[in-house]
Amino acid sequence: MKFASYLDPQLIFMDIQKETKQEVIQEMIHRIAAKDSTVREKENIIEEMVLKRENEISTCIGEGVAIPHARIENFGDFVVAIAILEKPILGEIGASNKFDEVNVVFLIISDVLKNKNILKVMSAISKIVMKNPMVFDKIKTEKNPSKIIDYIEETGIEISHKIVAEDVLSPDIIPVHPEDTLENVAKRFILEQKTGLPVVDSDGTFLGEITERELIDYGMPDYLSLMGDLNFLTVGEPFEEYLIHEQTTSIENLYRKDKKMIKIDRKTPIMEICFIMVYKGINRLYVIDHGKYCGMITRSDIIKKVLHI
């Protein structure tokens, strides 16, 4: 089933003018309720649940998009609405403390048992934003709701019944390259709060990963492993090598080379992903398509996008 089939031109709003994300959400729910009796019957609880979910973790995904959503008990329907804002609103991207100007809002209202539908629609929206930027630019400026559906139809994005890797991956994690320095990689670990990053070549081919462990290990002399007591070392002494060379030494000879256990196909089922993470103790999985890096999945992605959607 194509994503466009979920959309109704009557639920695409072009003239919403509000100052905050909460006001936009409230206005969208009010307008949907005016056209949909199922939503109208539960308008208050829908508003309460959508805002509750939004206050827990912002649903802004970057690129000017927010996807507020909620699962409602005994709702028995699935609604997707779109608002093209005349004036952007400010929203935090996830729980990152980074902010974005939001000008397109996709609102999803679902029955409590339709987690999969929400996730698949959110994945479809991400594909439009990330992989079809020219189409998304048209959507942001279009004034005709039917034309917006036509643009989405042209992408050919399908909503399947299975949750797979491409539905939960984080496509916005920028990989590093073998020639990147220790200093640059360390800065990214700190600023992005990551413990590992994918390594690719100039063509985007996946080569392996670099983690905090490799950086720490680089600064530790080999002789330390032979010592029983390290208390005599002065502060900073074990990391002199690192501190001297961090701006000039690349990660080319440090990163973990390509291993099957950390690579998965973008169509890998969600249960296989969870099995690998739980029973093989893997925290990060890299999604690869024909050798090219597509994105990364961490345990927190499973929590945020599947268990606590």
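- The residues Arg71 and Asp111 are annotated as not salt-bridged, no charged nitrogen and carboxylate oxygen being separated by less than 4.0 angstrom.
- Ion pairing of Lys98 with Glu92 is absent here, as no side-chain N (NZ or NE/NH1/NH2) approaches a carboxylate O to less than 4.0 Å.
- Rounded to the nearest 0.5 angstrom, Asp77 CG and Ser110 OG are separated by 9.0 Å.
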Determine, stepwise, if the pair Tyr286 / Glu209 fulfils side-chain hydrogen bond (donor to acceptor under 3.5 Å, both in side chains). CA-CA 9 Å; Tyr286 298 101; Glu209 70 171 350; 2.7 Å; yes
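- Using a 4.5 Å heavy-atom cutoff, the side chains of Ile152 and Val135 are not in contact.
- Side-chain atoms of Thr249 come within 3.5 Å of backbone atoms of His245 as a donor-acceptor pair (strictly under, hydrogens ignored).
- Screening Lys120, Lys162, Lys116 against Asp167 for a salt bridge (Lys or Arg N to Asp or Glu O under 4.0 Å) leaves a single residue, Lys120.
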Donor-acceptor contacts, no H, no angles, side chain residues 41-52, under 3.5 Å, sequence neighbours left out:
unit_1 : atom_1 : unit_2 : atom_2 : d
Glu43  : OE2    : His30  : ND1    : 3.4
Glu47  : OE2    : Gln26  : NE2    : 3.1
Lys52  : NZ     : Glu56  : OE2    : 3.0

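- Between Lys140 and Asp137, at least one side-chain N (NZ, or NE/NH1/NH2) sits under 4.0 Å from a carboxylate O, which counts as a salt bridge.
- No side-chain heavy atom of Ile108 sits under 4.5 Å from any side-chain heavy atom of Val79.
- For Lys2, the salt bridge (Lys or Arg N to Asp or Glu O under 4.0 Å) partners at least two apart in sequence or on another chain are Glu153.
- In this structure, Arg188 pairs ionically with Glu192, as a charged nitrogen and a carboxylate oxygen lie closer than 4.0 Å.
- A salt bridge links Lys87 to Glu19: one of the charged nitrogens lies within less than 4.0 Å of a carboxylate oxygen.
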Using a 3.5 Å cut-off and no angle test, enumerate the donor-acceptor pairs between side-chain atoms of residues 125-134 and protein atoms at least two apart in sequence or in another chain.
unit_1 : atom_1 : unit_2 : atom_2 : d
Ser126 : OG     : Met122 : O      : 3.1
Lys127 : NZ     : Glu166 : OE2    : 3.4
Asn132 : ND2    : Lys127 : O      : 3.2

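- Between the side chain of Ser58 and the backbone N or O of Cys60 there is at least one donor-acceptor pair closer than 3.5 Å.
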Please lay out, stage by stage, how Thr268 and Asp265 fare under the test side-chain hydrogen bond (donor to acceptor under 3.5 Å, both in side chains). CA-CA 5 Å; Thr268 302; Asp265 182 84; 5.0 Å; no
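- Within a 6.0 Å sphere centred on CD of Glu27, other residues, nucleotides and ligands contribute more than 12 heavy atoms.
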